[in-house]
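Please read the structure below before turning to the comments.
Convention: sequence-line order gives letters A, B, ...; per-chain numbering from 1. This is a predicted model, so every value here is computed, not measured.
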Number of protein chains: 2
Amino acid sequence: MSSTREAPCCELSASMEDYLKALVHLEAEGRAVTTGSIAHRVEVAPSSASAMLRRLRGAGLVEGSGGHEVVLTDHGRRHALRVVRRHRLVETFLAEILDVPWDEVHEEAERLEHALSPALEDRIATRLGEPSHDPHGDPIPPRDGEHDEAWPDPLDAAPTGGRFRVERVSDRDSDALRYLDELGVRPGVTVGVGERDPFGGPLWVEVAGRWCALGLPLARLVHGSVEHTEDAARVRRSR
Amino acid sequence: MSSTREAPCCELSASMEDYLKALVHLEAEGRAVTTGSIAHRVEVAPSSASAMLRRLRGAGLVEGSGGHEVVLTDHGRRHALRVVRRHRLVETFLAEILDVPWDEVHEEAERLEHALSPALEDRIATRLGEPSHDPHGDPIPPRDGEHDEAWPDPLDAAPTGGRFRVERVSDRDSDALRYLDELGVRPGVTVGVGERDPFGGPLWVEVAGRWCALGLPLARLVHGSVEHTEDAARVRRSR
DNA sequence: CCCGCGGGTTAGCCTCGCCTAACGACGATC
DNA sequence: GATCGTCGTTAGGCGAGGCTAACCCGCGGG
């Protein structure tokens, strides 16, 4: 039972797992992976992140080489992806088996992911048929092996006039999720991309025949890929 | 998100929940509820239990009045039963929905019970049809209202020659559970009570037509009630 | 009557994870 | 080239929850 005398590396605290997860996410979003961005992500003072990074370095999960760059070691990445896998399996499980609405599953999974044994993780995966994506369209890392966490393009960068296939929606804002769900914007849905109003105005999209205006912050939560890639390349790199 | 500024009483730490659970269990088993027995139950040094009891007293969950007796307040009992409810709901859920074998559910639930939101607790209960008992036959406390945690009689006190209906099996020893399961001793099963070998020898019971010998420690894990209560009263109080 | 012993508490210490405040280093700016 | 933010780290604390060692109290036995 003691948390002290375990294998020197295999039992991570819930906090450590949260930091590892944050590292994977920042990396995947292409953001800088620095003490500050990590602190912001896990909602903690920079000094706290600094201390935790020292601990993670000590555990061989992270390499910082003393400089500014923070990089997961192979070992650290394996652990981190494991946590992400558990999180997304739980989300999928809650949505499919218990009908928890997709805007609530994230918060629940945030706590449950730390309480799942490997055996239970396997059972859930099996029960769900080894799903590849969670309810938000996030890819579920495999038990072991390669995993691509990269995000498709954001909706706000899609070319006007094109069709955009929604593949993945950020799960970090529950209210936004609920709103998008009401509008019908979900992974798997294809929407029409309309005008972008000037001066930071909304982006007009057509969902199931209805036009609606999405504020930029909202549009940026929606990711996917452009269908009929005629002349899209130019617009796509407009940011 | 912060664990600091919540309602001053409503969010209990996982440790506190474990202690509250221990209190309910000791009480139900008729054992003395003292610092020592609590410490033993939560596998902690007596001094640690002492400190925690001070905290629980401070939170108005426990009354000790300074003397030796440790008693749950109404408030404390409500919280404690809530934890027990979550634990047993999780056990039932794991067994029914994920086919986790009954000797494993306890350990998993031990961690998951602290990570369940009230909403999820309700969803699980609903999904399972508001079950009244978990896989070991332990009664699940209702959402609110009265609850009887008392144990039926132990098998080792059943009168020789009678029939004994198994109602509840202690979930604390996983190996024992697995063994009992192999023998066919489960809640709902009725066994025949045979001779008790002398000098602490095993108790012979007949399960589904087969006779097997249960050591006393094992027999004491099995609880239930005597069927055909002819002349049982005498034997039942023999300890 | 006193002694020993079992059980509870106190004292003192540790780790983890968080905080704020102060400090230092580095790049942009004047 | 001096100055000022922006970042990161260090220093110093705090609370929760553990531990060991020492102490204290009450009770049964000699």
When you measure from the side-chain N and O atoms of A:S50 to the phosphate of D:dT10, is any distance below 4.0 Å, counting only OP1 and OP2?
no
Less than 4.0 Å between a side-chain N and a carboxylate O, is that true for A:E149 and A:R88?
yes
Nearest-Å distance, CG (B:D18) to P (D:dA16)?
17 Å
Protein-nucleotide distance (A:H40, atom NE2; D:dT6, atom P), rounded to Å:
15 Å
Classify the side chain of B:S47 versus the base of D:dT20 as yes if they form a donor-acceptor pair under 3.5 Å and no if they do not.
yes
Choose from D:dT9, C:dT9, C:dC19 the nucleotide whose nearest atom is closest to any side-chain atom of B:P46.
C:dT9
Would the number of heavy atoms belonging to other residues, nucleotides or ligands and lying under 6.0 Å from NE2 of B:H133 be above 12?
yes
From CE of B:M16 across to C1' of D:dG17 the rounded distance in Å is 11 Å
How many whole angstroms separate atom CE of B:M52 from atom C1' of D:dC19?
14 Å
Interatomic distance where CD belongs to B:E11 and P belongs to D:dA16 [whole Å]
15 Å
Any Lys/Arg nitrogen of A:D122 or A:R143 sitting under 4.0 Å from an Asp/Glu carboxylate oxygen of the other?
yes
Starting from P on D:dG8, measure out to CG on A:L53 and report it in whole angstrom.
10 Å
With the side chain of A:S13 defined as its heavy atoms from C-beta on, choose the nearest nucleotide among D:dG17, D:dT9, C:dG17.
C:dG17
Just the rounded figure in Å: distance from C1' of D:dC14 to CZ of B:R55.
14 Å
Starting from C1' on D:dG8, measure out to CD1 on A:I38 and report it in whole angstrom.
12 Å
Phosphate OP1/OP2 of C:dG7 contacted by B:T34 side-chain N/O (<4.0 Å):
no
Using a 6.0 Å cut-off, check whether atom CG of A:D175 has over 12 heavy atoms from anything other than its own residue.
yes
Which nucleotide, D:dG8, C:dG8, C:dC18, lies nearest any side-chain atom of A:S48?
C:dC18
Closer than 4.0 angstrom, basic N to acidic O: yes or no for B:E96 and B:R127?
no
For D:dG18 and B:Y19 - does any side-chain N or O of the residue sit under 4.0 Å from the phosphate oxygens OP1/OP2?
yes
Could you check which of C:dC18, D:dG17, D:dT10 has an atom nearest any side-chain atom of A:R54?
D:dT10
